[in-house]
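Heavy atoms only: backbone and side chains are in, while hydrogens, waters and symmetry mates are out. Starting from 1, each residue takes its place in the sequence as its number. Just so it is clear, the structure is predicted and the values come from calculations on it, not from any experiment.
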Amino acid sequence: MHQGTGGADRYREAGVDIERGAALVERIAPLAHATRRPGSVAGLGGFGALFDLAACGYRDPLLVATTDGVGTKLLLAIAAGRLEGIGVDLVAMCVNDLVVQGAEPLFFLDYFATGRLDLERAEAVLRGVAAGCREAGCALVGGETAEMPGLYGAGHFDVAGFALGAVERAAVLPRPDIRPGAVVLGLPSSGVHSNGFSLVRLILAERGLALEAEAPFARGRGLAEALLEPTRIYVRGALAAARTGGVLAMAHITGGGLIENPPRVLPEGVVLRLDARRWPLPPVLVWLAREGRLERRELARTFNGGLGLLLVVEPEKTATVRAALEGAGETVFEVGRIEPGAGPPRVLLEGMETAWPGAPPRS
């Protein structure tokens, strides 16, 4: 019988296969189950996900919600056929935004949209999502898979993530008592993370570089593998630091880099002075700066500059916070200070001329 003659087959003829979507839910159910945590109530497949906040032990909580994607890093991952790390990126971009407000990530939902559902590729992404959720300590409670023929080209898809966390009202960050003299600690990034990939792709195109070639900055690794290194998840270390009571603010370094992200958590009348000589610039960023002929300030605004998370800390509690971070497995750099300023908060990034490569400023 012809598969397009009537009934449910007409929907399949239009490009949507309901059975394929159901098969994906069956495949990922064990992955989601492995992320269960206190507060998890139901499995996948319902119209909504339930979560028991009281089971987590909060007394006077505020809820914190975030949503994000992975930008054009996705295009590079699709071209290279390396998709699992994208799922980790998706979780990281959301939960790192939660934790800088002092919030513990509780649960995560994903959105996967494509023209025609490829079970193997979708499962690869969602394996990464589940791995990221386990790392962040949050439950993968559900999501949406949308098959939309005509909206996405062959082989292409998009993903988005949504996370919810909670923090006791008295522990919300940033605190209002940020003053000059506070110490700034930095945690290293794993590389490019998930911002700046439109520029990465432009540099690759200009240089005519093959994704399967060896990375010039990482001997023994493929170029695609090295560029697609997943975004680090800072939840364990950041929550351990917050529990010391010595953290005044935290900033996740995403789009806008070290220049534009820290002022989002600082009050008026202060300057954050960073010294680029106090931490190493990752080899991938050194390579991108040279190959892309980037001015140093452009490098600092486009990429993360080698730091994925900044913590503003009470000076007398610096050692305690550092110990908590190191106890959670973090490498910690003391990268700057909060100083007096005037007007809106801003970042002064010094030492780039000697610590970072880059093209001379354009006239």
Side-chain angles (χ1 to χ4, degrees), residues 3-4 10-28 31-32 44 66-94 108-133 140 142-163 191-213 222-231 254-255 288 302-303:
Q3 292 297 305
R10 294 310 308 276
Y11 204 14
R12 186 181 297 121
E13 184 181 353
V16 178
D17 190 331
I18 295 173
E19 292 179 358
R20 201 160 48 226
L24 179 62
V25 173
E26 290 184 9
R27 287 191 182 201
I28 66 174
L31 301 175
L44 299 180
T66 61
T67 182
D68 213 333
V70 298
T72 59
K73 185 175 187 177
L74 184 58
L75 292 174
L76 194 61
I78 290 172
R82 304 183 67 91
L83 299 178
E84 191 163 325
I86 287 295
V88 178
D89 285 308
L90 192 62
V91 175
M93 293 299 286
C94 293
F108 186 87
L109 301 100
D110 65 88
Y111 176 74
F112 185 102
T114 187
R116 183 184 185 279
L117 183 59
D118 182 318
L119 287 177
E120 300 301 325
R121 300 171 94 195
E123 184 181 359
V125 173
L126 294 173
R127 277 199 307 269
V129 168
C133 285
L140 175 58
E144 170 71 2
T145 303
E147 206 169 14
M148 296 182 283
L151 188 57
Y152 293 90
H156 284 274
F157 60 88
D158 198 9
V159 290
F162 312 85
V192 186
H193 281 189
S194 296
N195 297 103
F197 271 87
S198 293
L199 179 54
V200 171
R201 290 168 52 244
L202 175 63
I203 292 170
L204 293 177
E206 287 178 341
R207 296 292 178 266
L209 297 170
L211 293 178
E212 62 272 16
L223 183 56
E225 176 192 3
L227 289 171
L228 292 169
E229 182 72 33
T231 306
T254 56
L288 287 169
T302 305
F303 300 110

Asks: Once you round to the nearest 0.5 Å, how far does CG of Leu126 lie from CD1 of Ile86?
Replies: 12.5 Å

Asks: Under 3.5 Å, side-chain donor or acceptor atoms of residues 87-94 against the rest of the protein: list the pairs with distances, not counting sequence neighbours.
Replies:
{"from": "Asp89", "atom 1": "OD1", "to": "Lys73", "atom 2": "NZ", "distance (Å)": "3.0"}
{"from": "Asp89", "atom 1": "OD1", "to": "Ser194", "atom 2": "OG", "distance (Å)": "3.1"}
{"from": "Asp89", "atom 1": "OD1", "to": "Thr231", "atom 2": "N", "distance (Å)": "2.7"}
{"from": "Asp89", "atom 1": "OD1", "to": "Thr231", "atom 2": "OG1", "distance (Å)": "2.6"}
{"from": "Asp89", "atom 1": "OD2", "to": "Lys73", "atom 2": "NZ", "distance (Å)": "3.0"}

Asks: In Å, rounded to the nearest 0.5 Å, how long is the span from CG of Leu117 to CD of Glu19?
Replies: 12.5 Å

Asks: Is Glu120 salt-bridged to Arg27, cutoff N-O under 4.0 Å?
Replies: yes

Asks: Taking C-beta and beyond as the side chain, do Leu76 and Leu228 meet within less than 4.5 Å on heavy atoms?
Replies: yes

Asks: Can a donor-acceptor pair be found, under 3.5 Å and without considering hydrogens, that links the side chain of Thr72 to the backbone of Ser198?
Replies: yes

Asks: Grab the two heavy atoms, one from Leu140 and one from Cys133, that are nearest each other, plus how far apart they are.
Replies: CB-SG, 4.1 Å

Asks: Report the distance from atom OG1 of Thr114 to atom CE of Met148, rounding to the nearest 0.5 Å.
Replies: 8.5 Å

Asks: With a 4.5 Å cut-off on side-chain heavy atoms, are Thr254 and His193 touching?
Replies: no

Asks: Do the two ring centres, one from Phe157 and one from Phe112, sit under 6.0 Å apart?
Replies: yes

Asks: Under the side chain to side chain contact (heavy atoms under 4.5 Å, CB included) criterion, do Thr302 and Leu288 qualify, and how do the steps go?
Replies: CA-CA 11 Å; Thr302 305; Leu288 287 169; over 6 Å; no

Asks: Once side-chain contact (heavy atoms from CB on, under 4.5 Å) is applied, do any residues pair with Glu206, and if so which ones, sequence neighbours excluded?
Replies: Leu202, Arg293

Asks: Looking at every heavy atom in both Phe197 and Leu227, which two are closest together, and how far apart are they?
Replies: CZ-O, 3.3 Å

Asks: Just how far is it from atom CG of Asp68 to atom CG of Asn195, taken to the nearest 0.5 Å?
Replies: 7.5 Å

Asks: Give the minimum heavy-atom separation between Arg121 and Gly155, together with the two atoms involved.
Replies: NH1-O, 2.8 Å

Asks: Atom CD in Glu225, atom CG in Leu211: separation rounded to 0.5 Å?
Replies: 12.0 Å

Asks: Taking Thr67 for its side chain and Gly161 for its backbone only, find out whether a donor-acceptor pair lies under 3.5 Å.
Replies: yes

Asks: Nearest 0.5 Å, what's the NE2-CG distance between His156 and Asp118?
Replies: 13.0 Å

Asks: Please report the closest heavy-atom contact between Ala163 and Phe108, naming both atoms and the distance.
Replies: CB-CD1, 4.0 Å

